[in-house]
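Here the structure comes first, spelled out in structure tokens, and everything after it is commentary.
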Amino acid sequence: MEDKTGSECEGPEMSLVCLTDFQAHARERLSKSTRDFIEGGADDSITRDDNIAAFKRIRLRPRYLRDVSEVDTRTTIQGEEISAPICIAPTGFHCLVWPDGEMSTARAPEGLRWFQLYVHPDLQLNKQLIQRVESLGFKALVITLDAPVCGNRRHDIQNHLRRNLTLTDLQSPKKGNAIPYFQMTPISTSFCWNDLSWFQSITRLPIILKGILTKEDAELAVKHNVQGIIVSNHGGRQLDEVLASIDALTEVVAAVKGKIEVYLDGGVRTGNDVLKALALGAKCIFLGRPILWGLACKGEHGVKEVLNILTNEFHTSMALTGCRSVAEINRNLVQFSRL
């Protein structure tokens, strides 16, 4: 793989003012195989693209003549306060875009740490890992559901990207390697609803299920006493032609009837998108690819900039729609349009 990562930040002439600016600049810095890995979707990438397009089919209904001299973006998730409903989604192989990889990403945000788990076939290994993250102070366990097998990612196949599924430490590709070489743990293909009780028996952490897109699975999540759902289609990287996350959100929110918290990832690129997701019932959103763009451009500082830009945009969106607090964001603020 052509090595274009590095710790040298760009000069002061660099002006990145929105998340798509970071995307464009990251594309210039990264090799083709790395770009394809980050940006790629499954099959025809219909869902990947629709994640973004679906937000643009939603229009805002602002309310005016309200005192917005003070706008508060704070909210809570799982009973813990966060400064804005904007969080970082679990993504892998950050060392592809920046030398320190996940270390730089972790240093960038302040606040809560949740741990994302791909369920390993060996339950004892899952138990050891969960006990470790509990001791490190993580506040929730996020179990990803939608990847019992890897989606059909054509660009990765074309680029001869190899995944060696072994239980070892992750290894970043060596400089000059033509083909990225990834190592990751195997994922259980037999994990099902009844197995959740075992996880609940070994941890007191709230359990969040990531990857739910239907009311049927949302109702099962409530039945099995989990604490939250992340509405997600894995960035369009698993099963193509499923609903965009924002389109699936309404169905899931209605199904849980306020009994558990619902979050969203997929397609969020602006403060308006954050507002729309909250108006449709999400407690917060999670960012995936934009975090990697920020990391690729400026490392830890780039991640901070991406988060700050989106938070500032969200603050502006709240003020311009007459919302002085997150609690005032509601379904009446949005309308689905035909484009």
Side-chain angles (χ1 to χ4, degrees), residues 1-5 19-20 22-57 89-98 101 116 118 144-166 170-174 176-189 210-214 230-248 264-269 286-297:
M1 181 184 72
E2 180 186 358
D3 179 36
K4 291 189 178 182
T5 64
L19 270 55
T20 51
F22 276 91
Q23 179 182 22
H25 193 69
R27 288 184 62 84
E28 294 174 358
R29 289 179 56 83
L30 299 174
S31 68
K32 180 182 182 300
S33 58
T34 299
R35 290 197 308 267
D36 287 348
F37 173 71
I38 293 171
E39 301 296 335
D43 295 313
D44 292 319
S45 297
I46 290 170
T47 296
R48 179 202 65 183
D49 296 342
D50 200 36
N51 271 345
I52 297 172
F55 274 102
K56 308 314 172 190
R57 295 192 290 266
T91 53
F93 308 113
H94 291 207
C95 285
L96 286 174
V97 304
W98 195 258
Q116 184 257 358
Y118 284 115
T144 292
L145 310 180
D146 59 4
V149 298
C150 187
N152 186 38
R153 304 171 192 174
R154 294 174 183 171
H155 287 301
D156 291 351
I157 297 170
Q158 291 168 347
N159 291 329
H160 305 289
L161 184 148
R162 299 174 293 161
R163 291 182 183 85
N164 182 35
L165 301 183
T166 57
L170 297 181
Q171 294 182 353
S172 59
K174 296 179 181 179
N177 238 354
I179 302 171
Y181 182 73
F182 300 156
Q183 291 188 322
M184 57 190 291
T185 64
I187 301 170
S188 172
T189 56
K210 176 179 179 290
I212 285 179
L213 293 170
T214 64
I230 302 178
V231 175
S232 170
N233 52 43
H234 218 102
R237 296 164 67 81
Q238 280 299 103
L239 178 62
D240 200 17
E241 301 181 46
V242 299
L243 284 175
S245 295
I246 193 66
D247 286 340
L264 174 137
D265 76 22
V268 174
R269 298 294 181 266
F286 287 82
L287 283 182
R289 291 183 178 97
I291 296 299
L292 294 175
W293 302 337
L295 189 66
C297 292

So how far is it from [X] [atom1] to [Y] [atom2], rounded to the nearest 0.5 Å?
X	Y	atom1	atom2	result
Asp265	His234	CG	NE2	9.0 Å
Asn51	Ser232	CG	OG	8.0 Å
Thr20	Trp293	OG1	CH2	7.5 Å
Arg153	Asn159	CZ	CG	13.5 Å
Phe55	Ile246	CZ	CD1	4.0 Å
Thr144	Gln238	OG1	CD	9.5 Å

Which atom pair, heavy atoms only, marks the closest approach of [X] to [Y]?
X	Y	answer
Ala54	Ala244	CB-CB, 3.6 Å
Ile291	Leu287	CG1-O, 3.6 Å
Leu30	Leu96	CD2-O, 4.3 Å
Ala26	Cys297	N-SG, 3.6 Å
Ile212	Leu145	CG1-CD1, 3.8 Å

Sidechain-backbone polar pair: [X] side chain, [Y] backbone, donor-acceptor under 3.5 Å:
X	Y	value
Arg237	Gly40	yes
Arg57	Asp247	no
Arg27	Arg35	no

Sole residue of Asp50, Thr47, Asn233, Asn152 in side chain to side chain contact (heavy atoms under 4.5 Å, CB included) with Asp240 = Thr47

